[in-house]
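Worksheet: the structure to be examined is printed underneath.
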Amino acid sequence: QVQLVESGGGLVQAGGSLRLSCAASGSISSLNAMGWYRQAPGKQRELVAYISSGGSTRYADSVRGRFTISEDNAKNTVYLQLNNLKPEDTAVYYCELEGFLANGDGTPFASWGQGTQVTVSS
């Protein structure tokens, strides 16, 4: 019922920047929380950044000061600005949105994007 489309991944040299976008479509009443996760080959998926509907943010220690999460509630879109990228940032990045459906019942939902590859060369 809620679909997420991610974009913005790619190949970049160390020190470069990328901006990831995650746009939600469907019958959404409100969003509670939005997050970006990543999964590198052979590793578990980890939280990279999180933003609540109130604007509170949280970052993994490994990306704090380099990555910035932001959102546009009017567009149901969450962004992740990745600066000063390092080879160890190479991973598939996934967005996850939580909120309530506009179905009259306020049914909660949690949806994941399909993932976008970020590759950082040294």
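- Screening residues 95-110 for salt bridge (Lys or Arg N to Asp or Glu O under 4.0 Å) gives no qualifying pairs among residues at least two apart or on separate chains.
- Applying the disulfide bond (SG atoms under 2.5 Å apart) definition to pairs two or more places apart or across chains, those involving residues 31-122 are Cys22-Cys95.
- Taking Ile, Leu, Val, Met, Phe, Trp and Tyr as members and joining any whose side-chain heavy atoms lie under 4.5 Å apart, directly or through other members, the hydrophobic cluster of Leu47 also contains Tyr37, Tyr50, Val92, Tyr94, Trp112.
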side-chain contact (heavy atoms from CB on, under 4.5 Å) assessment of Asp72 paired with Tyr79 | CA-CA 8 Å; Asp72 185 338; Tyr79 305 96; 4.1 Å; yes
Could you give me the CA-CA distance, side-chain angles and deciding distance for Val118 and Thr90, then say whether side-chain contact (heavy atoms from CB on, under 4.5 Å) is met?
-> CA-CA 5 Å; Val118 171; Thr90 295; 5.9 Å; no
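- At least one side-chain heavy atom of Leu4 sits less than 4.5 Å from a side-chain heavy atom of Ser111.
- Under the 4.5 Å side-chain criterion, counting only non-hydrogen atoms from C-beta, Val78 is in contact with Ile69.
- Take Ser121 and apply the side chain to side chain donor-acceptor pair (under 3.5 Å) test, not counting sequence neighbours, and it matches no residue.
- Closest approach of Ser122 and Pro87 over heavy atoms only: CB-CG, 3.9 Å.
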Determine, step by step, whether Val2 and Ile28 satisfy the side-chain contact (heavy atoms from CB on, under 4.5 Å) criterion, reporting the C-alpha distance in whole Å, the side-chain angles of both residues, the deciding distance to 0.1 Å, and the verdict.
-> CA-CA 7 Å; Val2 176; Ile28 298 172; 3.9 Å; yes
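- Sorted pairs that involve residues 37-83 and meet disulfide bond (SG atoms under 2.5 Å apart), not counting sequence neighbours, are lacking altogether.
- More than 12 heavy atoms of other residues, nucleotides or ligands lie within 6.0 Å of CD in Glu88, so this atom counts as buried by the packing criterion.
- Screening residues 10-26 for side chain to side chain donor-acceptor pair (under 3.5 Å), with sequence neighbours left out, gives Ser17-Asn83.
- Residues forming a side chain to side chain donor-acceptor pair (under 3.5 Å) with Arg64 (at least two apart in sequence, or on another chain): Asp61.
- Arg66 meets the salt bridge (Lys or Arg N to Asp or Glu O under 4.0 Å) test with Asp89; sequence neighbours excluded.
- In this structure the side chain of Val48 reaches within 4.5 angstrom of the side chain of Leu80, judged on heavy atoms.
- Under the 3.5 Å distance criterion, the side-chain polar atoms of Thr77 are matched with a main-chain donor or acceptor of Lys75.
- Atom CD of Gln3 has 12 or fewer heavy atoms from other residues, nucleotides or ligands within 6.0 Å.
- Under the ring pair (Phe, Tyr, Trp, His ring centres under 6.0 Å) criterion, no residue pair touches residues 6-28, with sequence neighbours excluded.
- The minimum heavy-atom distance between Glu6 and Trp36, with the atom names listed, is OE1-CZ3, 3.9 Å.
- Applying the side chain to side chain donor-acceptor pair (under 3.5 Å) test to Glu71 and every residue at least two apart in sequence or in another chain returns Asn73.
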Using the side-chain contact (heavy atoms from CB on, under 4.5 Å) rule, take Leu85 and Phe67 through it: C-alpha gap first, then chi angles, then the decisive distance, then the call.
-> CA-CA 9 Å; Leu85 281 160; Phe67 293 6; 3.8 Å; yes
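- In terms of heavy-atom proximity, Leu18 sits nearest to Gly8 at CD2-O, 3.8 Å.
- Partners of Pro108 according to the side-chain contact (heavy atoms from CB on, under 4.5 Å) rule, which considers only residues two or more places apart in sequence or in another chain, are Phe100.
- For Ser62, the side chain to side chain donor-acceptor pair (under 3.5 Å) partners at least two apart in sequence or on another chain are Arg38.
- To the nearest 0.5 Å, atoms CZ (Phe109) and CG (Asn32) are separated by 8.5 Å.
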